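So the structure is just underneath, and the comments pick up after that.
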Amino acid sequence: MFKLFDDETMEDFKWNSPENILKGRENLGDEMPVFAYRLFQFSMRDELNEKLGKEKTIELFRGAGERSGVIFANDFLDLTLPFTDFIAQLQKVLEENKIGVLRIEKFDSETGNATLTIGEDLDCSGLPIIGETVCNYDEGFLAGILKEYTKREYVVTEIDCWATGARVCRFDAKVKK
């Protein structure tokens with residue numbers, strides 16, 4: 001199996017090390033256009049769909065998103081904050097990093113279930129209407145963040161998307177039973 005880093009190297013590697021990016025990209029810096037991100041994401045999605053099928057591709061994107069959400073939460077967020085402060089921090093970090101504009105529409109403090117929206121979503125804002133949701137990576141990403149903060153497993157499902165005609169991505173987040 002291909003591994004980008006061996007176990008010893010991985011322990012030293014930090015995803016949030018801007019000095020590594022800036023050292024390697026001293027002229028271009030740490031930003032890139034959204035189209036470059038989408039070019040990678042949607043060409044990878046097409047390739048996986050072709051080789052593995054749509055359901056497996058969705059599963060892989062959700063899994064990669066969850067892995068990223070866990071890393072993001074641990075490296076960029078204070079997981080000890082009270083809920084409202086944590087959400088405010090999450091909103092700020094997502095916007096500062098141009099990932100999207102997060103809003104909480106509903107939150108049930110007893111069950112932990114929530115409805116979240118992300119405006120100007122990195123994955124899909126501006127896409128044509130194709131009649132299905134496409135933000136499977138985001139589903140996993142949000143599940144990973146919620147899991148790290150609450151220490152509970154989440155299933156996050158996109159229920160509205162630019163690709164379905166909505167102008168924000170809406171996600172239903174439910175605690176796994």
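Positions are given from 1, in the same order as the sequence printed here. Since we're looking at a predicted model, the values are computed, not measured.
V156 approaches F171 most closely through the heavy-atom pair CG1-CB, 3.7 Å. Contact record, D121 with C135: OD2-SG, 3.5 Å, taken as the closest heavy-atom pair. When every heavy atom of W162 is checked against every heavy atom of C124, the shortest pair comes out as CB-O, 3.4 Å. Taking each heavy atom of D123 and Q41 in turn, the nearest pair found is OD1-NE2, 3.0 Å. The two residues V134 and A163 have their closest heavy-atom pair at CG1-CB, 4.1 Å.
In this pair, F86 and Y149 present their aromatic rings parallel. The plane angle is below 30°, not in the 30 to 60° band.
The number of heavy-atom neighbours closer than 6.0 Å to CD of E31, taken from other residues, nucleotides and ligands shown, is 12 or below. Counting heavy atoms of neighbouring residues, nucleotides and ligands inside a 6.0 Å radius, atom CZ of R167 exceeds 12 of them. Residue Q91 qualifies as enclosed at atom CD: its count of foreign heavy atoms under 6.0 Å is above 12. Heavy-atom neighbours of F40 CZ from other residues, nucleotides or ligands within 6.0 Å: at or below the threshold of 12.
The structure places CG of L146 at 12.0 Å from NZ of K151, a figure rounded to the nearest 0.5 Å.
Judged by distance alone, with hydrogens and angles left aside, the side-chain atoms of R170 form no donor-acceptor pair with the main-chain N or O of E105 at under 3.5 Å. Remark: side-chain polar atoms of T164 are not paired, donor with acceptor, to backbone N or O of D160 under 3.5 angstrom. Between the K98 side chain and the E95 main chain, no donor and acceptor come within less than 3.5 Å of each other. Side-chain atoms of R38 come within 3.5 Å of backbone atoms of L122 as a donor-acceptor pair (strictly under, hydrogens ignored).
In summary, of the residues considered (E59, R45, E158), a side chain to side chain donor-acceptor pair (under 3.5 Å) with N136 occurs for R45 alone.
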Problem - Worked verdict on V175 versus Y154 for side-chain contact (heavy atoms from CB on, under 4.5 Å) - result: CA-CA 4 Å; V175 175; Y154 272 82; 3.5 Å; yes
